[in-house]
J.: 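Got a structure for you, written out below as structure tokens; questions coming shortly.
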Amino acid sequence: MQRIGVFVCHCGTNIAATVDVKAVAEALSHEPGVVVSQDYQYMCSESGQELVKNAIKEHGLTGVVICSCSPRMHENTFRKAAASAGLNPYLVEIANIREQCSWIHKNIASATDKAVILGKAAVAKVHLNAPLTAGESPVVKRALVIGGGIAGIQTALDIAEAGFDVDIVEKEPTIGGKMAQIDKTFPTLDCAACILTPKMVEASQNERITIHSFSEVSDVKGFVGNFTVTIKKKARYVDETKCTGCGLCTEKCPMKKVPNEFNMGLDNRTAVYIPFAQAVPKVATIDPNYCMMLKNGKCGVCSKVCSVGAIDYKQTDRFIEQKYGAIVVATGFNPIKLDKYDEFAYSCCPDVVTSLELERLMNAAGPNGGTLLRPSDKTHPHTIVFVQCVGSRCDDEKGKPYCSKICCMYTAKHAMLIREKYPDTEVYVFYIDVRTPGKNFDEFYRRAVEQYNVHYIKGMVGKVTPKADGKIDVQASDLLSNEQLHINADMVVLAAAIEPDKTARPLATMLTTQMDTNDFFTEAHPKLRPVESATAGIFLSGACQGPKDIPETVAQASAAAAKAIGLLCKNSITCNPCVAHSDELMCNGCSACEKVCPYGAITYQDKEFRMPDRSTAIRRVASVNPAVCQGCGACTVACPSGAMDLNGFSNSQIMAEVDAICK
Amino acid sequence: MNKNEKDWIDITSGVNVRKCMRCGKCSATCPSYDEMEYHPHQFVYMVEKGDIEPLLNSVSLYKCLTCFACVERCPRGVEPAKVIEAVRLTAVRKQGNNHLLPDQIPDMLDDDLPQQAIVTAFRKYTK
Amino acid sequence: MQVNENFEPVIVAFCCNWCSYAGADLSGTNRLNYPANVKIIRVPCSCRVNPMFILRAFQRGADGVIICGCHPGDCHYTSGNYFTRRRITLLYSMLDFLGIERNRTRLEWVSAAEGAKFAAVMNQFVEDVKKLGPNRRLEDLRCRKQ
Amino acid sequence: MQEAMIKRAKELLADGTVNRVMGWKKGEFAYDTTPAVFETAEEIDRDFIYNDFTQANQSKYLIKESRKEGKILALLKPCDTYSFNQLVKEHRIIRENVYVIGIPGGPKIDIEKIKAKGITGITNVKNEDYTLKIETIYGVETMPFYEAVSVKCESCKSKKHVVYDELIGEGGDILDSNRFDMVEKLENMTSQERYDFWRGELSRCIRCNACRNVCPACTCENCVFDNPKSGIDQKAAADSFEENMFHIIRAFHVAGRCTDCGECSRVCPQNIPLHLLNRKFIKDINCLYGEYQAGADTTSKAPLTDYRTDDCEPSVVHERGAE
């Protein structure tokens, strides 16, 4: 038999002025199971709480109803009080008779009636409350960072700095990412490599950081604090532990006509290669698509020249399994492919390049050693046209609906650098809007216009036509002077939209995190939790969450690290006990709940059941991981059989409330 | 501003002119640009404002080749050619009848006329 | 239909804990009145509201049921209210199909900051239900109050 | 057709591809057919039947059958394949344990429609070039075939088999059906008229549970209406509310999963047009969330476990059609 105590608060006159609290206590004392019903001036005060605690002990209460202010205010206060008196905190219910009654009604009679009904509903609910215990699950003190660009490197360094082991998984042979390909950075124009490469070295030398380069995440299991991740270390045919990075093999390799992806295919590399001089780890990799030894068993030069015997043609993909407490996603971005934009002649004219290609053309370590030359005939360009928003802000399937954010600034940077280095070059920038919010950003753009005489023209380029004389006709509109222009250009640079890396979507599936329609990871809250995913224990760093420039990326990377460190500092995590649970005997195994769960908390397994006729049957049933479930209840309604229910807000509890209100 | 006319153009063209982000790519791509008094992007903007009267009286209406380059290139899917077409239809219907019947076209053809103009003329006048 | 001035409808409001319940609290904090007919049941998320609860309310004597949740896109659980929106749209459509008066059911998005909206929504809803009179088409005679 | 099926079934039994065959069995009269499982060629020769009366959807039986030892042969009409696929999608049928042969479907005929003509004492019905020769103990009667076509076949949605291992006869296409006409008619009525219509229909419900038991979407291990813990369990409707409640909840639970096979209305002894409730949901889903046919495949997301951020608001319900 339930023994329920009801405690009605006056809240000074806040409640008592419009609700007859004595009458409420009196009315509720007649409810079934209620053994004590009292009112008090300030129930949340020290003495008010004592009153509740004493009543729990004195009457051996099995449930407590507090008629007071909103549960959002003092539910925790009273739960703690109950717990200190030996009653399970989840056996406390609050009837909100202040915010939702006394403060909004003026008529004492109707406010009192309503307060009684709200009290009755709480009593009806508390009858069905079950004691709940918050579970605990241990936290593995190791973090995984997926992606080794500037975002991943910064996150890893910060986590390592806090004293935790951290692994970086990078799919390319070296860490560094896009920033390693960039020449100069805005708005300060300092050299990207000069600020990035020390960080890469720092990461490789930090004893808490393990870099898995040329590797991919192939499977993720588990949940916050306890992920088990399988990492695929792709065969690079070079023993990483032996290779010294001397580069002799790359010099001797006879296969020299491999497009160099680090230089955006603007020059060639060898089949065995080190992507760039400052690569980390500085280890060679053999490209099996071009290596003659791997393709048809004829060559073996690299193996012969290698003094440490690091070449291993028999190497295969290896899989390693590791446990992590937190995962940070830093998969970054890529410029979109422009082959669908025929009007810009990108595919047919070598002198029409993307901005990232221009970075390489201007870089001292690039194909031309830092001299800006036309890719087609290696001559100096004298007229360069920049086209902004290529594929950004597009409503069609060719492009992306969002603003890529970084293009305005890097285009200003390119324009400025070219004008500085080659003052005889005319630079035109066709823009729709120039978007330069950010510290010193607009000043930077204005400098390009005012000091460097870059011609900014409001309007879009409509057509780019390569001409027989090697020049390029750029047909565009100038919306301010309302005329159509033709510019006889030597080079055209397209500011291609950026998109999330292609590996992000399969990764999101493995991590059960959410993505938007553009494949950017969705943050747990757009304003207040911008670096966490909705899935506990998964954090977001850098451009995988949305277009970002370097300072923003680094800021977010450190923020994600701080969140991950916050998790790793805990020995165990307390779980919210108000979570869903499935009655296996009733579960059909239909997967409806699994499909609506935003956290991937529901898994299925085949279990053996004893049937009423004593036979056994194997059935597929759902089980909820209480450490992952956040208790929204979406699954409980998706479940047709009613096998799924929610602790603290069970079907029967809510229906009891409905009944009490409607009675 | 004539609201009915604007609504009518919205309906007949099936175009949402508010999607325009004023990049001017339609005008940048237009082969008849120099012939026109009002250019494709101005059509879109003026229809959005409801400033249709000047368009109805402009020679620009008949300079559009309906080559659909602007439709193809518009990053926002605004389809300026359809707006121009709708304005043209409004002008044609205003005057009470169709000025050119399909049967009359063969007599008017001359050898120098580009093929595309013939095709687009049919597209224009057989509505 | 004759409007009975003395008719006091029973209104059940399901409010999600994170937005609408907080919005209801805010309308209290700001002393914005709405009729005492409205009784709120707190649920973690609007997606917790099972159609069974809505029917149960009508059975037991409710004259109107309203569900309030976070605005689409603002759900504390990221996607809960999107599911709510589909489920409840279909359920209300079915109730309408069966000839149950439309204004007895409603779904509103009320954020934690929209105390004034909460009060306005409730005032309007109670008024609409009052116009309809007591729920007769989806009641259980055994539960009718004399 | 029956011969071809028997021949193929016996072949598959003989070569060990399957160890059981799911088909239809003769009853006392030719029009009286029941789904049945055959284990031997002899049983098939003796009892197997496939004719104009074999309407029953067999998919639901395969939930249990596919969990038994060995593989079973299922002969599925186009409409049955949708239910079959849906059950595979929900992990209820184990696909590997079923060998599916797609067979031509209806139109099937409904003996009740013949009886409704006042014809009694029926012993046999023959279809001779779309004229039914009805043998009765009083002599032979005739009626046009199409007057006896069952309700579920009248608005056939598809002649296409969406899943099969092999076909007997020819495959067909998805049809343009008029299946939403009645729903639309009801939608255009006033609220009071709709209320009266459904009271007239649902008040006849005797809660025999035939609709639920035959429904290939209602496959719960334990139905909420039989579960005392659910809070809504009821054995018989004690009040008009409970009549409504049962059918609303049942329709809601199968919403987005119902393939519109029409079995619920076929088996209803009170001739309540229950399929209209399901079709209302299907029609709403199609108009509001995009065309969706449950069971058409096994991979697409079901409309109720999916969403778009720009879905319509429930107020559309209140804004459209007659008040």
Side-chain angles (χ1 to χ4, degrees), chain C residues 1 46-47 50-62 65-69 71-75 78-109 128 132 135-144, chain D residues 183 186-187 189-199 201-202 224 230-232 237-242 244-249 251-253 255-256 276-281 283-285 287-289 303-323:
Chain C
M1 186 188 249
S46 57
C47 70
N50 196 311
M52 293 197 300
F53 305 160
I54 299 166
L55 295 179
R56 175 77 156 215
F58 283 121
Q59 176 183 29
R60 299 294 161 125
V65 175
I66 180 165
I67 299 169
C68 300
H71 285 268
D74 292 348
C75 178
T78 58
S79 56
N81 52 6
Y82 290 126
F83 293 118
T84 310
R85 186 159 62 177
R86 284 204 170 185
R87 290 167 183 167
I88 299 301
T89 303
L90 290 178
L91 179 76
Y92 286 179
S93 177
M94 179 54 76
L95 293 179
D96 178 53
F97 190 61
L98 292 171
I100 314 305
E101 303 94 331
R102 290 174 175 183
N103 287 339
R104 287 200 194 283
T105 50
R106 192 164 298 175
L107 176 90
E108 288 285 345
W109 310 124
D128 290 349
L132 290 173
N135 164 32
R136 290 288 176 255
R137 292 187 188 170
L138 198 60
E139 70 168 345
D140 192 325
L141 269 175
R142 296 169 298 172
C143 302
R144 187 190 277 195
Chain D
V183 174
L186 281 165
E187 284 171 347
M189 291 180 176
T190 65
S191 171
Q192 181 69 47
E193 284 168 345
R194 281 198 296 270
Y195 178 71
D196 294 340
F197 172 86
W198 282 111
R199 276 315 326 138
E201 296 292 347
L202 294 178
V224 284
S230 75
I232 58 160
D239 184 274
S240 61
F241 174 85
E242 292 193 336
N244 285 336
M245 168 89 158
F246 176 75
H247 292 291
I248 296 171
I249 293 293
F252 187 82
H253 279 177
L276 292 179
L277 296 175
N278 300 326
R279 280 191 188 160
K280 169 65 179 164
F281 273 138
K283 183 168 178 280
D284 276 345
I285 287 167
C287 329
L288 302 175
Y289 310 124
L304 277 174
T305 57
D306 196 14
Y307 64 85
R308 283 175 52 112
T309 53
D310 58 352
D311 277 339
C312 60
E313 296 294 327
S315 52
V316 296
V317 173
H318 296 173
E319 282 153 11
R320 67 183 177 187
E323 172 65 31

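Numbers restart at 1 for each chain; the letters A, B, ... are given by sequence-line order, proteins then strands.
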J.: Please rank Trp198(D), Tyr307(D), Phe197(D) by heavy-atom pairs under 4.5 Å with chain C and give me the top one.
T.: Tyr307(D)
J.: Tell me, with the steps shown, if Tyr195(D) and Glu101(C) meet side chain to side chain contact (heavy atoms under 4.5 Å, CB included).
T.: CA-CA 9 Å; Tyr195(D) 178 71; Glu101(C) 303 94 331; over 6 Å; no
J.: Heavy-atom distances under 4.5 Å only: say whether Thr309(D) touches chain C with side chain, backbone, both or neither.
T.: both
J.: Of all the heavy-atom pairs spanning Leu91(C) and Phe281(D), show the shortest one and how long it is.
T.: N-CE2, 4.4 Å
J.: Taking all non-hydrogen atoms of both residues into account, name the closest pair between Phe241(D) and Leu55(C) and its distance.
T.: CZ-O, 3.1 Å
J.: Would you mind telling me which of Leu138(C), Leu98(C), Leu107(C) has the largest number of heavy-atom pairs within less than 4.5 Å of chain D?
T.: Leu98(C)
J.: Could you tell me which portion of Glu193(D) (side chain, backbone, both or neither) has an atom closer than 4.5 angstrom to a non-hydrogen atom of chain C?
T.: neither
J.: Checking His247(D) against Met94(C) for the side chain to side chain contact (heavy atoms under 4.5 Å, CB included) test, could you report, in this order, the C-alpha distance in whole Å, the side-chain angles of both residues, the deciding distance, and whether it holds?
T.: CA-CA 11 Å; His247(D) 292 291; Met94(C) 179 54 76; over 6 Å; no
J.: Using non-hydrogen atoms and a 4.5 Å limit, figure out which bit of Leu304(D) sits close to chain C: side chain, backbone, both or neither.
T.: both
J.: Working to the nearest 0.5 Å, report the span between CZ of Phe83(C) and CG of Asp311(D).
T.: 10.5 Å
J.: Which one of Glu313(D), Glu201(D), Arg308(D) has the most heavy-atom pairs closer than 4.5 Å to chain C?
T.: Glu313(D)
J.: So Glu242(D) and Gln59(C), do their side chains get closer than 4.5 Å, heavy atoms only?
T.: yes
J.: With rounding to the nearest 0.5 Å, note down the distance linking CZ in Arg142(C) to CG in Asp239(D).
T.: 5.5 Å
J.: Please classify the contact between Asp306(D) and chain C as side chain, backbone, both or neither, with a heavy-atom cut-off of under 4.5 Å.
T.: both
J.: Begin with the C-alpha distance, continue with both residues' side-chain angles, and end with the deciding distance and a verdict on side chain to side chain contact (heavy atoms under 4.5 Å, CB included) for Ser191(D) and Arg102(C).
T.: CA-CA 9 Å; Ser191(D) 171; Arg102(C) 290 174 175 183; over 6 Å; no
J.: Could you tell me the separation between the CZ atom of Phe58(C) and the CG atom of Asn244(D), rounded to the nearest 0.5 Å?
T.: 12.0 Å
J.: Flag the one option from Thr89(C), Ile88(C), Ile100(C), Thr105(C) with the top tally of heavy-atom pairs under 4.5 Å to chain D.
T.: Thr89(C)
J.: Hey, what do you get for CG (Asp284(D)) to CG (Asp96(C)), rounding to the nearest 0.5 Å?
T.: 9.0 Å
J.: Contact part of Arg199(D) toward chain C, heavy-atom cut-off under 4.5 Å: side chain, backbone, both or neither?
T.: neither
J.: Does the side chain to side chain contact (heavy atoms under 4.5 Å, CB included) test come out yes or no for Gln192(D) and Arg137(C), once each step is laid out?
T.: CA-CA 10 Å; Gln192(D) 181 69 47; Arg137(C) 292 187 188 170; 2.5 Å; yes
J.: Chain D heavy atoms under 4.5 Å from Glu139(C): which part of the residue, side chain, backbone, both or neither?
T.: backbone
J.: Of the backbone (N, CA, C, O) and the side chain (C-beta and beyond), which part of Leu288(D) lies under 4.5 Å from a heavy atom of chain C, both, or neither?
T.: side chain
J.: Could you grab the distance from atom CD1 of Ile54(C) to atom CZ of Phe252(D), nearest 0.5 Å is fine?
T.: 8.0 Å
